[in-house]
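Following: one structure in structure tokens, then a few remarks.
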Amino acid sequence: MVPLGVLLTPIIAKKTLSLDDLKGRSFAVDGFNVLHQFLALIRARDGTPLMDSEGRVTSHLVGLAFRTTRLVSDYGMKLVIVFDGRPPELKQREVEKRREAKRKAEEEYREAVSRGDYAKAYSKAVMTGRLTREGLDDTKRLLTLLGIPWVQAPGEGEAQAAYMASRGDVWAANSRDYDSLLFGTPRLLRYLTISGEEWLPSKGRARRLEPELIELEGFLSELGITREQLIDLSILVGTDFNEGIKGIGPKTALKLMRRHGSIEELPEETLAKVPDTYQVIRDIYLDPEITEIYDVETRELDEEGLVGFLCGERSFSPRRVETLVKRMRAASSQRSLTDYIGGGRNA
DNA sequence: ACCCTGTA
DNA sequence: TACAGGGTT
């Protein structure tokens, strides 16, 4: 898989915690991030995604429905799913690179299937996952029927999520990627999953995953840099909008920022390798395209509509959809109880 | 990735 | 109650 987002892992100050620690919290979820994860991994043994009777892919609906309803019912979380809009022009090259990688993976997948090598086929298939327009429309329809709010961002979803978190409309942004920190989210939560493990198809094994909380202010003060310097640092390492400088990883970039303060003040020979688009990239992170018109309130479950959609149109089994309905009803009654007692309010 | 059943 | 392994569409 082509790596997404900024690579900050080696210098990140994270705090691992459990789902129980996050009870009652609200999150702006990076929708494309989770949908791609579901599309990649929810597959039959041979790598075929789940599909309805008409051949429409449903893996992302299965994943999103069962995960979100569980986080909402068992942990009292409030989720708002945020979807990417139009990417900034500078991202185009990155988008094309990913498209190319997918085409290559599709070829290797077909070849592995024809050889009967299903382990290899699966590991290739997970790299072919595509979110289509119909897949996105289905996702929004599902969320609306469940009563879970969603926001269509005008630009980058991570920018929108960061804005919502910095306004206090949600407690944290949730994504695997670090970009929302650059966009200014006060808190980033990684790995908001139920199973606590992630399957690594290329390695054929699972890895333990715990929710990770990164608090921007603490993270920056620990590094001794400002958000502006974190952005400059990321430009040196590489972002969704530029390639990054060969030989400069997060640790070297951090040293450079501490010593010189900003891209402009870098030594001549380093400065020469910085992309001339760096000011545009800074601006994408510091002043992104967002909308202020959104609603994070939970709506009522449309049970009849949900059954009609998932069972009638997308080949879900009634028993499993009943599970979803029960969870949302449980969550709703828990909410009215805490409202009645007068507790449980938080951003 | 999550659900569910069988097993100890 | 914890885990393994097959099923989900």
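Heavy-atom basis, side chains included; hydrogens, waters and symmetry copies ignored. Keep in mind the model is a prediction, meaning the values are calculated, not measured. Here is how names work: the chains are called A, B, and so on, in the same order as the sequence lines, proteins then strands, and each is numbered from 1.
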**Request:** Show your working on salt bridge (Lys or Arg N to Asp or Glu O under 4.0 Å) between A:Asp137 and A:Arg133 and close with a plain yes or no.
**Result:** CA-CA 6 Å; A:Asp137 289 345; A:Arg133 181 60 209 260; 3.3 Å; yes
Indicate every side-chain donor-acceptor pair of residues 40-55 of chain A with a distance under 3.5 Å to a residue at least two apart or in another chain.
{"unit_1": "A:Arg43", "atom_1": "NE", "unit_2": "A:Leu39", "atom_2": "O", "d": "3.2"}
{"unit_1": "A:Arg43", "atom_1": "NE", "unit_2": "A:Ala40", "atom_2": "O", "d": "2.7"}
{"unit_1": "A:Arg43", "atom_1": "NH1", "unit_2": "A:Gly47", "atom_2": "O", "d": "2.6"}
{"unit_1": "A:Arg43", "atom_1": "NH2", "unit_2": "A:Leu39", "atom_2": "O", "d": "3.0"}
{"unit_1": "A:Arg43", "atom_1": "NH2", "unit_2": "A:Ala125", "atom_2": "O", "d": "3.1"}
{"unit_1": "A:Asp46", "atom_1": "OD1", "unit_2": "A:Thr48", "atom_2": "N", "d": "3.0"}
{"unit_1": "A:Asp46", "atom_1": "OD1", "unit_2": "A:Thr48", "atom_2": "OG1", "d": "2.6"}
{"unit_1": "A:Asp46", "atom_1": "OD2", "unit_2": "A:Thr48", "atom_2": "OG1", "d": "3.0"}
{"unit_1": "A:Asp52", "atom_1": "OD1", "unit_2": "A:Glu54", "atom_2": "N", "d": "2.9"}
{"unit_1": "A:Asp52", "atom_1": "OD1", "unit_2": "A:Gly55", "atom_2": "N", "d": "3.0"}
{"unit_1": "A:Asp52", "atom_1": "OD1", "unit_2": "A:Arg56", "atom_2": "N", "d": "2.8"}
{"unit_1": "A:Asp52", "atom_1": "OD2", "unit_2": "A:Arg56", "atom_2": "NE", "d": "2.7"}
{"unit_1": "A:Asp52", "atom_1": "OD2", "unit_2": "A:Arg56", "atom_2": "NH2", "d": "3.2"}

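No donor-acceptor contact under 3.5 angstrom links the side chains of A:Glu158 and A:Tyr178, judged on distance only.
The aromatic rings of A:Tyr285 and A:Phe241 sit perpendicular, their planes meeting at an angle over 60°, well past the 30° parallel limit.
Here A:Glu215 pairs with A:Lys15 in a salt bridge; the nearest charged N to carboxylate O distance falls below 4.0 Å.
In this structure a side-chain-to-backbone donor-acceptor pair under 3.5 Å is present from A:Arg227 to A:Leu182. Side-chain atoms of A:Gln160 come within 3.5 Å of backbone N or O of A:Thr291 as a donor-acceptor pair.
Using a 4.0 Å heavy-atom criterion, one finds that A:Ser317 contacts the sugar-phosphate atoms exclusively.
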Output one line per pair: protein atom, nucleotide atom from nucleotides 1-4 of chain B, and distance, for all N/O pairs under 3.5 Å.
{"unit_1": "B:dA1", "atom_1": "OP2", "unit_2": "A:Trp199", "atom_2": "N", "d": "2.9"}
{"unit_1": "B:dA1", "atom_1": "O3'", "unit_2": "A:Arg67", "atom_2": "NH2", "d": "3.1"}
{"unit_1": "B:dC2", "atom_1": "OP1", "unit_2": "A:Arg67", "atom_2": "NE", "d": "2.7"}
{"unit_1": "B:dC2", "atom_1": "OP1", "unit_2": "A:Arg67", "atom_2": "NH2", "d": "3.4"}
{"unit_1": "B:dC2", "atom_1": "OP1", "unit_2": "A:Ile194", "atom_2": "N", "d": "2.9"}
{"unit_1": "B:dC2", "atom_1": "OP2", "unit_2": "A:Ser195", "atom_2": "N", "d": "3.1"}
{"unit_1": "B:dC2", "atom_1": "OP2", "unit_2": "A:Ser195", "atom_2": "OG", "d": "2.7"}
{"unit_1": "B:dC3", "atom_1": "OP1", "unit_2": "A:Arg327", "atom_2": "NH1", "d": "2.9"}
{"unit_1": "B:dC3", "atom_1": "OP1", "unit_2": "A:Arg327", "atom_2": "NH2", "d": "2.4"}
{"unit_1": "B:dC3", "atom_1": "OP2", "unit_2": "A:Arg70", "atom_2": "NE", "d": "3.3"}
{"unit_1": "B:dC3", "atom_1": "O4'", "unit_2": "A:Arg320", "atom_2": "NH1", "d": "3.3"}
{"unit_1": "B:dC4", "atom_1": "OP1", "unit_2": "A:Thr323", "atom_2": "OG1", "d": "3.3"}

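The shortest side-chain heavy-atom distance between A:Ile248 and A:Thr270 falls under the 4.5 Å cut-off.
You can see that DNA chain C meets the heavy atoms of chain A within a 4.0 Å-exclusive cut from C:dG6 to C:dT9, reading 5' to 3'.
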